[in-house]
Amino acid sequence: MGMRIVDLRIPARDQLGNVVCTSVLQANGATPADIRTWVRRGEITRLRQGWYALAEADPDVVRAVRAGGVLGCASALTFYGGWDLHDNRLHSYRTGWAQREPLPRLPSCPAPFPRRRMNRAVVPLELAVAQARLCLTTEQLVTQVESLMTGRWITPSKAAELLGNLAHKLDISDSGTETMVRMRLRGRGIKLRPQVHIPGVGPVDFLIGDRLVLEIDSQAHHRSASAYHRDRQRDQRLAAMGYLVIRVTWEQVFFQWGEVDAVLTTLIAGRRHLDRRSRARSAAA
Ligand SMILES: [Zn+2]
């Protein structure tokens, strides 16, 4: 009968995405004959020379390995719990290991040299960030690292260490969409405060000036009927207290940002974000 794949106790760090390489299988006691048997029985799937998918393998990891690399860059950050950039790209790391068989061409993300050999199917976090620095916009990179921190996958000090010279851009946010909006507005010199607690209402996503409230709908939060109702109640309470509420959809952040930007610019130019006292003060200045 021989050994079965399920009898191997492979450490979790070596079978990320349920994809493993031959050296890991052998280090855990499998013989070449075992591996051939498991492939023949369909217990594991050969992806390319030296790499196998176990049951319930992660489809993105499988794609990256089939194409001659491993999961890297932004896709690795998402794999570790970071926010999905929704950029319709598989980000990968082409390993330094020369392949003996032709592979489909995968547009690999840039990577710091020298390229490493890899015996795990997802690059370590530090390498993913090093790649992301070369591949992503600053906005995308900070959004992903901040979401890892918000989701408590990494500590704030680890997030700061990973971002290095960009660490000052970290702040608090409820979602990746909020991080992106915050960075865009601060990049334009607009002063805002995230997650401001307003008595009787609770935290609002952003407060600009004294009274302009910006609420961002994140796609991840599926709007239930009760959440829909609660949002309207909040808007009404804020209006009664003199706040001006602008609600921005996820689609607007991604596809129609210019529109939102124009509205905010008009409001701020007309000092509608300031209350009467601040307006008088800024007019006198
Ligand atoms: Zn990339």
Side-chain angles (χ1 to χ4, degrees), residues 60 73-89 91 125 128-129 132-133 135-160 162-163 166-188 190-198 201-208 212-235 237-238 243-261 263-264 273:
D60 284 345
C73 194
S75 298
L77 295 177
T78 304
F79 178 89
Y80 289 126
W83 197 64
D84 185 346
L85 290 176
H86 302 279
D87 62 351
N88 294 317
R89 274 188 63 195
H91 294 257
L125 187 61
V129 170
R133 272 182 180 276
C135 182
L136 305 182
T137 64
T138 298
E139 178 185 296
Q140 289 174 318
L141 172 64
V142 174
T143 298
Q144 276 200 311
V145 173
E146 186 170 283
S147 69
L148 282 164
M149 179 182 82
T150 308
R152 294 172 189 269
W153 299 100
I154 58 173
T155 61
S157 61
K158 182 70 186 175
L162 288 171
L163 286 179
L166 298 172
H168 65 282
K169 295 194 182 287
L170 286 169
D171 205 326
I172 45 169
S173 62
D174 239 5
S175 71
T177 331
E178 277 180 40
T179 310
M180 295 175 109
V181 168
R182 185 189 76 225
M183 292 184 68
R184 286 177 201 180
L185 296 177
R186 284 194 176 150
R188 295 247 285 92
I190 296 173
K191 289 196 175 70
L192 49 79
R193 286 182 291 151
Q195 300 294 321
V196 175
H197 186 88
I198 294 181
V201 175
V204 297
D205 292 342
F206 296 110
L207 183 62
I208 302 176
L212 180 55
V213 168
L214 197 60
E215 295 268 57
I216 315 295
D217 290 341
S218 96
Q219 193 196 37
H221 300 161
H222 291 288
R223 310 310 287 168
S224 63
S226 67
Y228 184 85
H229 179 74
R230 199 184 53 232
D231 283 348
R232 268 73 209 154
Q233 258 180 344
R234 281 162 57 93
D235 290 355
R237 283 188 200 147
L238 286 164
Y243 289 98
L244 179 59
V245 183
I246 301 287
R247 218 165 251 293
V248 181
T249 67
W250 184 90
E251 287 76 9
Q252 283 181 305
V253 174
F254 276 84
F255 308 116
Q256 293 139 20
W257 180 250
E259 226 173 84
V260 179
D261 198 66
V263 168
L264 294 175
H273 61 309

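None of these values were measured; they are calculated from a predicted model. Positions are given from 1 along the sequence.
- Once rounded to the nearest 0.5 Å, the distance linking CG of L214 with CZ of R182 reads 13.0 Å.
- For K158, the salt bridge (charged side-chain N to carboxylate O under 4.0 Å, His left out) partners at least two apart in sequence or on another chain are E126, E161.
- At least one side-chain heavy atom of I198 sits less than 4.5 Å from a side-chain heavy atom of Y243.
- Residues W83 and S147 share a closest heavy-atom pair of N-OG, 2.7 Å.
- When side chains are defined from C-beta on, K169 counts as touching T138, because their heavy atoms get closer than 4.5 Å.
- In this structure, the salt bridge (charged side-chain N to carboxylate O under 4.0 Å, His left out) partners of R234, at least two apart in sequence or on a different chain, are E215.
- Judged as a salt bridge (Lys or Arg N to Asp or Glu O under 4.0 Å), not a single pair has a partner in residues 78-88 (not counting sequence neighbours).
- Put simply, CG on L162 and CD on Q144 are 11.5 Å apart, with the number rounded to the nearest 0.5 Å.
- Taking a 6.0 Å sphere around CZ of R152, one finds it holds 12 or fewer heavy atoms contributed by other residues, nucleotides or ligands.
- Every salt bridge (charged side-chain N to carboxylate O under 4.0 Å, His left out) that R184 has, sequence neighbours left out, goes to E139.
- Here the closest non-hydrogen pair linking L148 and G81 is CD2-C, 3.7 Å.
- Looking at I154 and V145, their side chains come closer than 4.5 Å, going by heavy atoms from C-beta outward.
- A 4.5 Å side-chain heavy-atom check between R188 and L264 finds every atom pair outside the cut-off.
- S173 pairs by the side-chain hydrogen bond (donor to acceptor under 3.5 Å, both in side chains) definition with E146, T179, not counting sequence neighbours.
- Summarising the geometry of A132 relative to L141, their closest heavy-atom pair is CB-CD1, 3.7 Å, with the distance given to 0.1 Å.
- Between D205 and Q195 the shortest side-chain heavy-atom distance falls below 4.5 Å.
- Residue H273 forms a side chain to side chain contact (heavy atoms under 4.5 Å, CB included) with just one option from L244, I190, L212, L192, and that option is L212.
- Note that CG of L85 is 5.0 Å distant from CD of Q140, once rounded to the nearest 0.5 Å.
- Among residues two or more places apart in sequence or in another chain, the salt bridge (charged side-chain N to carboxylate O under 4.0 Å, His left out) test is passed with D171 by R186.
- Closest approach of L77 to A128, counting heavy atoms only: CD2-CB, 3.8 Å.
- Using a 4.5 Å heavy-atom cutoff, the side chains of V181 and V248 are not in contact.
- Distance check, rounded to the nearest 0.5 Å: OG1 of T78 to CG of D60 gives 8.5 Å.
- Side-chain N or O atoms of Q252 include none that pairs as donor or acceptor with a backbone N or O of W257 at under 3.5 Å.
- The side-chain heavy atoms of I208 and I246, taken from C-beta on, include no pair separated by under 4.5 Å.
- With rounding to the nearest 0.5 Å, the separation of CD in E178 from OG1 in T150 is 9.0 Å.
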